[in-house]
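Excluded from the calculations below are hydrogen atoms, water molecules and symmetry mates; all remaining heavy atoms, backbone and side chain alike, are included.
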Amino acid sequence: MKIHAAVARAPHTPFSLESLDLEEPREGEILVRVVATGVCHTDIVMRDQHLPVPQPVVLGHEGAGIVERIGPGVAKVKPGNHVVMTFNSCGHCPSCNDHEETYCHEFFPRNFFGARADGSSGLSCEGERVHGNIFGQSSFASHALCHERNIVKVPEDADLTLLGPLACGIQTGAGAVMNALKVEPGKVLAVFGMGSVGLAAVMAARIVGASRIIAVDVNEARLALAAELGATDIVNGKASDAVAAIMALTGAGVDYSIDASGVPAVIDQCVRVLAPRGTCGIVGASPHGATLTLDLTHILSGGRRVRGIVEGDSNPDVLIPLLIDLHRQGRFPFDRLITFYDFADINQAAEDSEKGIVLKPVVRQPAA
């Protein structure tokens with residue numbers, strides 16, 4: 001079938017809007033008519049080849065839409081179901097067997113290699129291979145092929161134009177608090193980086209009852225929004241020494257910290273503000289090959305911990321419906337992070353995201 005899609009053909013160049021051929025769904029695959037897709041920093045990283053994703057490629061990994069057709073063997077959804085497409089996993093490695101799919105041993109091949117597990121792609125352009133299957137979906141397109149393992153059925157009365165970011169960025173921030181760190185009521189959390197991931201963490205921390213939620217950024221507008229969304233304290237890292245400011249607020253430091261920046265110097269601050277037995281969770285994507293130097297005595301003497309967190313340790317079939325329900329209750333207003341663009345304006349959306357003009361751009365497909 002013919003679809004329209006945004007194709008990344010070269011680093012640091014705009015997406016090319018093209019008509020492509022998409023195969024019919026194979027066994028275990030699901031054809032989704034995309035309604036809207038979030039634009040994530042990781043999409044820009046892949047486009048610009050900071051991660052070795054093959055090109056030409058259709059990116060997009062925060063897609064939401066409606067099932068049109070299913071391949072043989074699919075039982076999880078049926079045509080007409082409303083769905084969110086999230087990260088993919090293999091289903092048979094030790095991590096998947098332990099229900100820890102975010103640490104699938106094949107996470108990179110299944111999500112970043114631009115091909116199905118057998119090496120094929122369902123996309124082409126006049127005989128030219130176009131790489132697809134990014135995060136098991138490639139949803140910068142009017143239609144996407146995904147899999148039972150990375151599709152989440154959602155209520156049909158939920159607004160599909162809002163739901164795509166729950167697939168990655170929003171679930172990463174919320175899941176870091178709820179699942180990975182398991183922040184308890186009364187504990188103190190500092191979040192560094194008030195992009196969509198960090199702000200999702202702030203909202204989740206309020207839901208779980210953290211007594212103090214410290215938001216750190218250099219952008220006053222984002223800090224002001226963090227305060228509206230649940231932060232009890234804000235720290236401008238440009239105007240003051242963030243570590244000194246947090247220690248002054250807390251005395252002994254924080255029970256938990258989250259880095260949503262991916263900047264090694266900021267991660268070091270995240271670790272330095274930990275109280276004894278505190279845990280730092282790293283969710284921000286650092287440049288490939290980036291390294292971190294830490295004070296080992298500080299870590300050892302206080303029993304402090306540093307850990308990476310992928311996709312918020314999420315079981316998407318559980319967390320995404322929960323976040324939708326919390327949004328309906330008015331307790332998780334992630335819609336305040338979203339700015340909508342027409343799909344034809346995807347390059348403007350990407351540029352505005354890179355410049356920090358918007359928090360979470362979402363590109364909407366034309367009405368069916």
Side-chain angles (χ1 to χ4, degrees), residues 1-5 20-38 57-93 95-102 104-124 130-158 160 163-164 166-168 171 311 314-324 365 368:
M1 63 178 295
K2 288 287 186 182
I3 67 169
H4 66 270
L20 303 181
D21 292 304
L22 179 66
E23 293 181 359
E24 290 296 310
R26 296 183 179 182
E27 183 170 359
E29 291 185 335
I30 300 150
L31 176 67
V32 175
R33 177 176 65 79
V34 178
V35 171
T37 308
V57 62
V58 175
L59 303 173
H61 63 282
E62 292 183 344
I66 301 171
V67 175
E68 285 205 343
R69 291 193 287 282
I70 59 175
V74 172
K76 188 176 183 180
V77 294
K78 62 184 180 181
N81 286 160
H82 290 204
V83 295
V84 167
M85 294 174 281
T86 185
F87 64 89
N88 201 12
S89 56
C90 74
H92 52 71
C93 70
S95 291
C96 288
N97 288 339
D98 288 340
H99 305 291
E100 296 282 357
E101 290 87 353
T102 59
C104 174
H105 290 209
E106 296 183 18
F107 192 89
F108 268 82
R110 299 278 176 160
N111 292 285
F112 291 97
F113 281 14
R116 297 181 174 107
D118 65 3
S120 65
S121 173
L123 293 168
S124 61
V130 176
H131 296 278
N133 203 54
I134 295 297
F135 277 68
Q137 57 185 277
S138 288
S139 54
F140 283 167
S142 60
H143 295 76
L145 286 176
C146 66
H147 314 268
E148 278 199 297
R149 291 197 60 79
N150 74 308
I151 199 164
V152 178
K153 187 177 175 182
V154 297
E156 294 192 6
D157 59 348
L160 279 173
L163 302 187
L166 296 177
C168 183
Q171 86 170 341
E311 298 287 352
S314 173
N315 175 345
D317 286 317
V318 175
L319 184 59
I320 289 176
L322 172 63
L323 296 178
I324 293 171
Q365 296 289 339

A.B. asks: Does some side-chain heavy atom of Leu166 sit less than 4.5 Å from a side-chain heavy atom of Gln171?
C.D. replies: no
A.B. asks: With a 4.5 Å limit on heavy-atom distance, are the side chains of Asn81 and Glu156 in contact?
C.D. replies: yes
A.B. asks: Does Ser138 use its side chain to pair, donor to acceptor, with the backbone of Val58 at less than 3.5 Å?
C.D. replies: yes
A.B. asks: Carefully, step by step, assess Leu31 and Met1 under the rule side-chain contact (heavy atoms from CB on, under 4.5 Å).
C.D. replies: CA-CA 11 Å; Leu31 176 67; Met1 63 178 295; 3.7 Å; yes
A.B. asks: Could you give the distance from CG (Leu160) to CD1 (Ile66), rounded to the nearest 0.5 Å?
C.D. replies: 6.0 Å
A.B. asks: Taking all non-hydrogen atoms of both residues into account, name the closest pair between Gly91 and Cys96 and its distance.
C.D. replies: N-SG, 3.3 Å
A.B. asks: Applying side chain to side chain donor-acceptor pair (under 3.5 Å), name anything that partners Arg116, two or more places apart in sequence or on another chain.
C.D. replies: Glu23, Glu29, Ser120
A.B. asks: How many angstroms lie between NE2 in His61 and CZ in Phe140, if you round to the nearest 0.5 Å?
C.D. replies: 8.0 Å
A.B. asks: Which of these, Val57, Leu145, Asp21, Ile3, sits in a side-chain contact (heavy atoms from CB on, under 4.5 Å) with Leu123?
C.D. replies: Ile3
A.B. asks: Report yes if some heavy atom in the side chain of Leu323 is under 4.5 Å from a heavy atom in the side chain of Leu319; otherwise report no.
C.D. replies: yes
A.B. asks: Checking Asn133 now: which residues fulfil side chain to side chain donor-acceptor pair (under 3.5 Å) with it, not counting sequence neighbours?
C.D. replies: His147
A.B. asks: Provide the closest heavy-atom pair for Asp118 versus Arg26 in the form atom of the first, atom of the second, distance.
C.D. replies: OD2-NH1, 3.1 Å
A.B. asks: Return the minimal non-hydrogen interatomic distance between Pro316 and Phe87, and the atom names on each side.
C.D. replies: CG-CE2, 3.5 Å
A.B. asks: Ignoring hydrogens, what is the shortest heavy-atom contact between Val84 and Ala167? Give both atom names and the distance.
C.D. replies: CG1-CB, 3.7 Å
A.B. asks: Please set out all donor-acceptor pairs under 3.5 angstrom arising from side-chain atoms of residues 67-74, sequence neighbours excluded.
C.D. replies:
from, atom 1, to, atom 2, distance (Å)
Arg69, NE, Glu24, OE1, 2.8
Arg69, NH2, Glu24, OE1, 3.3
Arg69, NH2, Glu24, OE2, 3.0

A.B. asks: Run the salt bridge (Lys or Arg N to Asp or Glu O under 4.0 Å) test against Glu101 and tell me which residues pass, sequence neighbours left out.
C.D. replies: Arg149
A.B. asks: If every non-hydrogen atom of Cys168 is compared with every non-hydrogen atom of Glu62, which pair is closest and at what distance?
C.D. replies: CB-OE2, 3.3 Å
A.B. asks: Do you know which of His143, Arg33, His4 makes side chain to side chain donor-acceptor pair (under 3.5 Å) with Gln365?
C.D. replies: His4
A.B. asks: Return each pair, listed once, that meets salt bridge (Lys or Arg N to Asp or Glu O under 4.0 Å) where at least one residue sits in residues 130-141; pairs must be two or more places apart or across chains.
C.D. replies: none
A.B. asks: Check the pair His105, Cys90 against side-chain contact (heavy atoms from CB on, under 4.5 Å), reporting the backbone distance first and the verdict last.
C.D. replies: CA-CA 8 Å; His105 290 209; Cys90 74; 5.9 Å; no
A.B. asks: Would a 4.5 Å heavy-atom cut-off, applied to side chains only, mark Thr37 and Met85 as touching?
C.D. replies: no
A.B. asks: Looking at Cys104 and Cys93, what are the two nearest heavy atoms and their distance?
C.D. replies: CA-SG, 3.8 Å
A.B. asks: Please confirm whether the backbone N or O of Gly63 pairs with a side-chain atom of Gln137, one donor and one acceptor, at under 3.5 Å?
C.D. replies: yes
A.B. asks: Is the backbone N or O of His99 less than 3.5 Å from a side-chain atom of Asn315, with the two atoms forming a donor-acceptor pair by type?
C.D. replies: no
A.B. asks: Return yes if some donor-acceptor pair links the side-chain N/O of Asn88 with the main-chain N/O of Asn111 below 3.5 Å, else return no.
C.D. replies: no
A.B. asks: For Glu148, give me all partners under salt bridge (Lys or Arg N to Asp or Glu O under 4.0 Å), at least two apart in sequence or on another chain.
C.D. replies: none
A.B. asks: Under 3.5 Å, side chain of Ser121 to main-chain N/O of Val130, donor-acceptor pair present?
C.D. replies: yes
A.B. asks: A side-chain contact here means heavy atoms from C-beta on lying under 4.5 Å apart; do Lys76 and Lys153 qualify?
C.D. replies: no
A.B. asks: Over 60° means perpendicular and under 30° means parallel, so classify the ring planes of Phe112 and Phe107, tilted if in between.
C.D. replies: tilted
